[in-house]
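What you are looking at is a predicted structure, and each value in this text was computed from that prediction instead of being measured. Just so you know, ligand 1 is whichever comes first in the structure, and atom 1 is the first atom listed for that ligand. Residue numbers start at 1 and run along the sequence shown.
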Amino acid sequence: MEMPSEPPSGDRWAEAAPALLMNLRVLSPHQIELAKLLLSEGQSHLFSHWSDPGVEDERKINLFEQVARLNRSYPGGLAAYIRNARRLLADSKSGANPFDGFTPSVPSGEVLTFGDDNFMNLEEIGLKEVRRAAFILVAGGLGERLGYKGIKLSLPREITTGSCFLKHYVDSILTLEEASNRLVEDEERKKIPLVIMTSDDTHQATIHLLESNFYFGMEPTQVVLVKQEKVACLQDNDASLALDPADKYKIQTKPHGHGDVHALLYSSGLLKRWQKEGLKWVLFFQDTNGLLFKAIPASLGVSASRGYHVNSLAVPRKAKEAIGGITRLTHTDGRTMVINVEYNQLDPLLRASGYIDGDANSETGFSPYPGNINQLILEIEPYVQEVSKTHGAIAEFVNPKYKDSTKTSFKSSTRLECMMQDYPKTLPPSARVGFTVIDTWLAYAPVKNNPGDAAMVPKGNPYHSATSGEMAIYRANCLILRKAGVQVADPVIKSFNNQEVEVWPRVTWRSKWGPTFSEVKKKVRGECSITQKSTLVIDGRDVYLEGLSLDGSLLVSAVDGAEVRVGGSFHNKGWNLEHVDYRDEAISEELRIRGFRFERLEQVKMNYPEPGSYSLKP
Ligand code: UGB
């Protein structure tokens with residue numbers, strides 16, 4: 001279809017959209033300007049069904065209010081959006097390779113080994129730095145893949161304590177803030193800001209979660225919510241905007257992707273403010289990774305000691321795993337960059353570059369390309385310089401699902417998207433872009449897939465489900481305790497929701513108990529052991545395990561300053577792991593998606609509400 005290059009005028013209005021022309025007196029002058037813009041961009045179909053003036057006028061005005069919002073929230077407005085869409089859709093139809101001219105190779109970065117001297121040294125450096133960091137949580141996505149109705153931040157991270165992801169994140173940030181400030185006592189105490197990017201799908205529920213929990217102990221002014229707007233859906237290769245199937249006076253919209261976070265940080269003025277306040281680092285993270293804070297101090301230590309402007313956290317990746325691969329790309333013109341190549345693009349890129357097996361494991365059993373866990377650490381100075389140029393705009397892409405190989409029509413509407421990890425794409429070659437590889441067991445256990453999809457994951461690949469996400473927390477804690485010298489029983493293999501997982505003793509602790517490995521080591525004294533059926537909950541900073549032998553359930557909570565030494569043989573029936581059928585609607589969704597719950601048979605539970613020195617024995 002030929003697009004008019006100028007807004008229609010006179011007769012051409014009537015020709016382009018007679019139904020709209022009849023309704024001009026319903027619209028304000030500004031709305032008429034928007035109408036002209038839409039017509040000049042070939043969107044007359046939006047009005048073809050419009051009724052006579054006087055009928056459904058309010059809905060027509062509502063449509064234009066939505067158009068004004070869409071126009072405002074996209075850099076360059078709707079015209080730029082439609083033109084970008086047309087270009088990207090044409091590229092997609094012609095099968096243009098977004099990596100044309102680039103050859104992939106395996107990049108090199110810092111590979112960490114948990115608990116060795118280097119790791120502990122980096123943790124110390126990171127801990128000193130973190131008081132000058134801001135944390136950015138991208139949480140605009142709904143748990144569609146997970147099949148959970150609520151916001152993912154409200155999901156329990158594990159059900160032994162029932163603490164949700166957001167509580168854990170806030171707790172972890174406050175712990176790092178406290179520990180970092182303690183290291184530099186003579187300097188001014190800093191508050192670490194937390195920004196949460198929400199969307200219309202998650203905004204109100206996120207506010208409600210924060211307010212109903214008194215911000216989980218953070219000062220309300222420390223938390224800033226920035227809301228991303230959705231973008232218009234596209235129904236064909238001409239970038240015709242799609243009307244909402246449920247409301248023909250509304251343009252269908254979908255999320256633009258987590259890449260919006262950069263533009264929002266820029267436009268909100270937060271980055272400049274932080275820079276003035278002397279912050280040095282901006283750390284981005286996702287909504288459901290219950291392990292990631294175990295990796296933050298050391299990774300920030302890598303950024304600081306290597307002088308990385310951009311540090312992407314990564315884990316060993318299984319071929320075809322649904323996480324992007326960190327790749328070095330070298331262009332025929334000599335440019336190189338280290339960038340995430342998204343999982344659906346890595347295989348075709350490798351095949352096009354002569355790797356006939358595409359995205360395949362090497363002899364190590366893993367893909368040679370480390371898996372991006374989408375946790376980025378940016379140094380603020382070069383970051384502000386860059387977004388001042390780009391206004392935070394991130395390279396977009398489109399991913400239409402075509403009806404057939406002619407690629408002329410879509411199965412359902414599509415939209416432009418952008419990803420936060422594509423930020424380095426516009427950086428100059430002088431930018432120091434690196435990455436840090438950390439063991440998966442320590443750093444990465446996202447909760448993304450529903451039980452049905454998780455059960456279909458190829459054998460050996462991670463499930464990324466609520467079941468595996470929770471079991472990974474117990475495994476990590478047990479492995480850390482083992483490394484600190486505790487005898488922890490081996491795991492048993494069990495199947496929940498048709499997923500075979502390792503079940504370790506259910507050990508959990510509040511972040512303040514063990515923010516770094518050296519801190520955990522300080523809290524473990526003498527010979528300690530934990531049997532397979534055990535549950536251990538440590539909710540207190542100054543709790544020490546001194547010759548503890550646990551065979552059952554033990555829950556200890558203590559206020560800061562209550563020094564509790566826990567020792568001796570605790571033996572009770574403990575908590576039983578019971579299967580839950582995910583189809584059983586009488587059971588809560590939070591439990592169904594993990595496939596188990598606890599039957600609390602017997603336990604020792606102690607609370608120390610006053611500071612002091614205590615000894616807890618059987
Ligand atoms: N999110 C938003 O805030 N806004 C949006 O519009 C969309 C999402 P998904 P995805 O770690 O396993 C990413 O949907 O995008 C938030 C990386 O691209 O969970 O499929 C959302 O709330 C991939 O390289 O993941 O894949 C959530 O917090 C790999 O690292 C976050 O963005 C993969 O994550 C991620 O959204 C991974």
For atom 20 (O) of ligand 1, closest protein heavy-atom neighbour: R145 NH2, 2.9 Å
Under 4.0 Å from one or more heavy atoms of N374, ligand 1 contributes atoms 13 (C), 17 (C), 18 (O), 30 (O)
State if Y444 counts as touching ligand 1 under the rule of any non-hydrogen atom under 4.0 Å. yes
Taking the six-membered ring for Trp, are F284 and H262 ring centroids under 6.0 Å apart? yes
Would you please test L70 and Y81 for side chain to side chain contact (heavy atoms under 4.5 Å, CB included) and show each step? CA-CA 9 Å; L70 291 170; Y81 180 75; over 6 Å; no
Quick one: look at I373 and ligand 1, take heavy-atom pairs under 4.0 Å, and tell me if it's side chain, backbone, both or neither. backbone
Short side-chain to backbone donor-acceptor contact, Q43 and L241, under 3.5 Å: yes
Quick check: H256 and ligand 1, any N/O pair under 3.5 Å apart? no
Taking N or O atoms only and a 3.5 Å limit, does P446 qualify as a polar contact for ligand 1? no
When the aromatic ring centroids of F285 and Y169 are compared, is their separation below 6.0 Å? yes
Against ligand 1, does S199 come closer than 4.0 Å with any heavy atom? no
Suppose I only count heavy atoms of G140 and a 4.0 Å limit; which atoms of ligand 1 are within that range? 2 (C), 3 (O), 4 (N), 22 (O)
Is the cationic atom of K401 (NZ for Lys, CZ for Arg) positioned less than 6.0 Å from the six-membered ring centroid of F410 and within 45 degrees of its normal? no
Between Y463 and F496, is the gap from one ring center to the other below 6.0 Å? no
Provide the number and element of each atom of ligand 1 under 4.0 Å from a heavy atom of D287. 21 (C), 22 (O), 27 (C), 28 (O)
Considering only heavy atoms, does K448 approach ligand 1 within less than 4.0 Å through its side chain, its backbone, both, or neither? side chain
Give the atom numbers and elements of ligand 1 that come within less than 4.0 Å of a heavy atom of Q228. 2 (C), 3 (O), 4 (N), 5 (C), 6 (O)
Run T508 and Y474 through side chain to side chain contact (heavy atoms under 4.5 Å, CB included) and show every step you take. CA-CA 7 Å; T508 72; Y474 305 134; 3.6 Å; yes
Ignoring hydrogens and angles, tell me if any N or O in the side chain of N498 forms a donor-acceptor pair with the backbone of P451 under 3.5 Å. no
Under 4.0 Å from any heavy atom of P255, which atoms of ligand 1 are there? 6 (O)
Report the part of M420 in contact with ligand 1, treating N, CA, C, O as backbone and CB onward as side chain, heavy atoms under 4.0 Å; options are side chain, backbone, both, neither. neither
